[in-house]
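Single-structure report; data block below.
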Amino acid sequence: MSDVPAVPVGFAELDPPADPRATWELPGLGQLPVTLALEPLVTRVLAPNPSGMTLDGTNTYLVGEPGSGQAVLVDPGPDDPAHLDRVTSALAERDARCVAIMVTHHHWDHAEAALPWSDHFGVRVAAADPDVAGPSGRVLQPGEDLSLAGTSIGVVPTAGHCWDHLAFRIESGAVLVGDHVLGRGTSVVTHPEGDVVAYLESLRRVYDLGPSALYPGHGPELTQDPLAVLDFYRAHRDFREQQILMLLDEVAQPVSALVEVIYAAVPRTLWPAAEQSTRAALAKLERQGRVHVAADGVRLVG
Ligand SMILES: [Zn+2]
């Protein structure tokens, strides 16, 4: 006897939005170069921490005006000596010294090295989360512009993936988006930490900046049509919401059953993350008065 929940007629016909990146020539998973100059202002250094959640590994970015002799380190990533070696070499290649460390959000794959490396380089950490910034750090405020390393860096609030998430807009018009947008696939909005409503507002905020490129926390740089990717991300959330509402249309279901059907094609190891995303989507629908989430299952309201 199978305990797979019944799938309503028409569910399989729901059309997922097309990912514009499918037709782009992006490097495959595991094919990102360790160090790459993306533009005069930015060098990307890949951390050696690949996984299901971190894709190729965490992207650490060096940002600075060429010739300034300085660079800001964005998202130092794991506190790993091999990664520090890579970053140190990339700094030398840019003929720059590290003048500050900035962090997009507190998740460990981005923030772990922030305080140890701030000691190592003798610089301060800037982040929205005071615990990440540390006692001598700088707590960043939404909308501020920092003058660092001969250039200016705009602080763009992008809550949603988690409460303290920031993106950084640089002078070329590119935006360093952390885990708000990923180079491959879609981002996880965690629950209860994340917030789908805030996430969608943040997508709109980045869209309105008209970014020339998106440099994500994981995966390749998105330069071809950043706005199309942002459109796809919004459509993807809408699609998931549609799927949930359709599954609940006939019968109340536990969250695990929703995940089992919606993420049937995704490896089971990613189901815990999928459940987080589903719970985050349900929290939005519950706030809108459309579903009721109880311990024994989720049902439509009305
Ligand atoms: Zn991450």
Side-chain angles (χ1 to χ4, degrees), residues 21 26-27 29-32 34 36 38 42 44-63 72-80 82-84 86-87 101-117 125-129 131-133 140 155-168 174-196 198-199 202-203 206 213-222 229-230 233 236-237 266-267 269-277 280:
R21 295 165 296 184
L26 294 174
L29 184 64
Q31 305 296 311
L32 284 192
V34 169
L36 185 67
L38 300 175
V42 183
R44 184 185 66 212
V45 183
L46 178 64
N49 63 337
S51 75
M53 293 301 292
T54 62
L55 306 176
D56 310 71
T58 300
N59 290 327
T60 296
Y61 293 96
L62 308 181
V63 179
V72 176
L73 206 58
V74 177
D75 281 357
D79 184 17
D80 176 314
H83 187 42
L84 181 56
R86 294 172 176 189
V87 167
I101 294 173
M102 297 176 73
V103 183
T104 57
H105 65 295
H106 71 278
H107 290 166
W108 217 225
D109 56 319
H110 300 258
E112 186 189 24
L115 290 176
W117 291 10
V125 178
D129 183 341
D131 288 339
V132 172
L140 291 172
V155 177
V156 185
T158 43
H161 173 73
C162 55
W163 70 272
D164 63 321
H165 201 288
L166 298 173
F168 301 123
V175 180
L176 280 64
V177 282
D179 284 359
H180 183 52
V181 177
L182 301 181
R184 318 174 189 282
T186 53
S187 178
V188 173
V189 175
T190 54
H191 181 78
E193 190 192 21
D195 180 329
V196 171
Y199 184 78
S202 297
L203 282 180
V206 174
L214 300 174
Y215 298 151
H218 307 281
E221 68 279 19
L222 302 172
V229 176
L230 294 167
Y233 264 55
H236 171 76
R237 292 287 155 191
V266 170
T269 49
L270 294 178
W271 281 9
E275 178 163 339
Q276 297 251 318
S277 267

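Counting starts at 1 for both ligands and their atoms, in listed order.
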N/O/S atom of His110 inside 2.8 Å of the Zn ion (ligand 1), strictly under: yes

Residues that His83 engages under ring pair (Phe, Tyr, Trp, His ring centres under 6.0 Å), provided they are two or more places apart: Trp117

Of Val177, Leu230, Val181, Leu182, the residue whose pairing with Leu222 passes side-chain contact (heavy atoms from CB on, under 4.5 Å): Val181

Partners passing salt bridge (charged side-chain N to carboxylate O under 4.0 Å, His left out) against Glu221 (at least two apart in sequence or in another chain): Arg44

Step-by-step ring pair (Phe, Tyr, Trp, His ring centres under 6.0 Å) determination, His161 to His107: CA-CA 10 Å; His161 173 73; His107 290 166; 4.9 Å; yes

Asp109: its N/O/S atom lying closest to the Zn ion (ligand 1) (atom name): OD2

N, O or S of His218 under 2.8 Å from the Zn ion (ligand 1): yes

Identity of the N, O or S atom of Asp179 lying closest to the Zn ion (ligand 1): OD2

